[in-house]
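Have a look at the structure below before the remarks.
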Amino acid sequence: MRSKYVRLLRPIAWITFLLPFSVGLGLGITPDSNLLHIIFAFIAFSCWMSFSFIVNSIADKDVDKLHNGRSKDMNLAYQPIATSEITEKEALYLSMIFLFSSLFFAWLINPLFFLLILIVDGVGYIYSMPPTRLKARPIGDILCNTAAGGLIFIAGLSIGGANMFPLVILGAFVMTSIFYIPTVVTDHEFDKKAGITTSAVYFSPKKILQAMYPLTALLVIIALIILLTSNLELKVFASIVIIYTIPSTLVVNMNLKEERLFIHKNWILVPFTLISIASVGYGILKLFGLLILNSY
Ligand code: DMA
Ligand code: MG
């Protein structure tokens, strides 16, 4: 079994937020960007994720014991706080170290990046922890994840500062909400059993998955406007968004049987990892002046 600290931090689950962060970073970088800022940004990102997942496992310790391993990066019953391998106090100390480290490294980058990391740290906290514990409130869960995905995208963009257009940012928020919805449905059975009223438990899996349709329509409109009005880099980006999102929405809705969504976790993890690597690679090529789609 993986080390207790890996099970506490859950790096595989970070991939869901690595995607908006990396795409933002890739789009934002220019040949004038600072390589050190990019490295600090990844450290700040990792510390934010570590903080958020630690407070999540503290807040979820009683419900995680009920998990059966389905549709997750790990069987949550093996989370080290649930198994008592790590005490709540040790976890709290660790979470504070990660919180301060995320802010410290963010502060080295730029004021906007710092402010955004401060906010997403706050979102990570109110999502999991009482008294707010928004993950257990219908719509609250979707809003938190949408906010976190959209804001970390802006943080990624701000490192280099290119392409910071309202429509691009709005697209990132809408896209995050679309891709978050299936994950709350795969958790439905477990959340229901654990008595957590997520959006999927409250509205039913079928209804909440149908919400992906109007959101996808909105995203396609945004992407088409970007496609018609923007630079070559954003045109390519908008095309990929359309090509990826429409089939995803259809496939997800077709794979709901009764109340169960039959989607293997690798359908999210593998493409998200590949797109993240491609985006960062693209950003690095721009940084070294090896690939220029736009003139900065
Ligand atoms: C996962 O939240 C944690 C973060 C920080 C997004 P969750 O408790 O809703 O999911 P899981 O059941 O995977 O811990
Ligand atoms: Mg949890």
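All values below were derived from every heavy atom in this structure, side-chain atoms included, with hydrogens, water molecules and symmetry-related copies excluded. Atoms within each ligand, like the ligands themselves, are counted from 1 in listed order.
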Short side-chain to backbone donor-acceptor contact, Arg137 and Thr132, under 3.5 Å = yes
Are the charged groups of Glu259 and Lys192 less than 4.0 angstrom apart, N to O?
-> yes
Below 3.5 angstrom, do we get any N/O pair linking Asn145 and ligand 1?
-> no
Between Arg133 and Ser128, is there a donor-acceptor pair closer than 3.5 Å when you use the side chain of the first and the backbone of the second?
-> yes
Using non-hydrogen atoms of the residue, decide whether Met49 is closer than 4.0 angstrom to ligand 1.
-> no
Any idea which part of Met74 is under 4.0 Å from ligand 1, heavy-atom wise: side chain, backbone, both or neither?
-> neither
Within the distance-only criterion (no hydrogens, no angle test), does the side chain of Lys4 pair as donor or acceptor with the backbone N or O of Ile86 below 3.5 angstrom?
-> no
For atom 9 (O) of ligand 1, the closest protein heavy atom turns out to be Tyr127 OH, 2.7 Å
Does Gly161 offer a backbone N or O that forms a donor-acceptor pair with the side chain of Ser158 under 3.5 Å?
-> no
Quick one: does Ser177's side chain have a donor or acceptor within less than 3.5 Å of a partner on Val174's backbone?
-> yes
Could you tell me whether Lys135 and Asp141 make a salt bridge, using a distance below 4.0 angstrom between a side-chain N and a carboxylate O?
-> no
Phe42 and Phe21 aromatic ring geometry - parallel, tilted or perpendicular at 30°/60° bounds = perpendicular
State whether the side chain of Asn163 and the backbone N or O of Leu27 hold a donor-acceptor pair below 3.5 Å, judged by distance alone.
-> yes
Evaluate the ring planes of His37 and Phe40, with Trp represented by its six-membered ring, and classify them as parallel (under 30°), tilted (30 to 60°) or perpendicular (over 60°).
-> tilted
Hey, does Asp73 come in under 3.5 Å of ligand 1, counting only N/O atoms on both sides?
-> no
Identify, for atom 14 (O) of ligand 1, the protein heavy atom at the shortest distance, and state residue, atom and that distance.
-> Arg10 NH1, 2.8 Å
For Ser52, atoms of ligand 1 separated by under 4.0 Å from a heavy atom = 5 (C)
Purely on distance, is any nitrogen or oxygen of Asp187 under 3.5 Å from one on ligand 1?
-> no
Within the side chain of Asn266, is there an N or O that forms a donor-acceptor pair under 3.5 Å with the backbone of Leu269?
-> no
Return yes if a side-chain donor-acceptor contact under 3.5 Å exists between Ser279 and Ser22, otherwise no.
-> no
Return the residue, atom name and 0.1 Å-rounded distance of the protein heavy atom closest to atom 3 (C) of ligand 1.
-> Phe53 CE2, 3.4 Å
Atom 8 (O) of ligand 1 [closest protein heavy-atom partner, distance rounded to 0.1 Å] | Lys135 NZ, 2.6 Å
Protein N/O/S atoms under 2.8 Å of the Mg ion (ligand 2)?
-> Asn56 OD1, Asp60 OD2
For Lys72, the ligand 1 atoms whose distance to one of its heavy atoms is below 4.0 Å | 10 (O), 11 (P), 12 (O), 13 (O)
Classify the contact between Asp64 and ligand 1 as side chain, backbone, both or neither, using a heavy-atom distance cut-off of under 4.0 Å.
-> neither
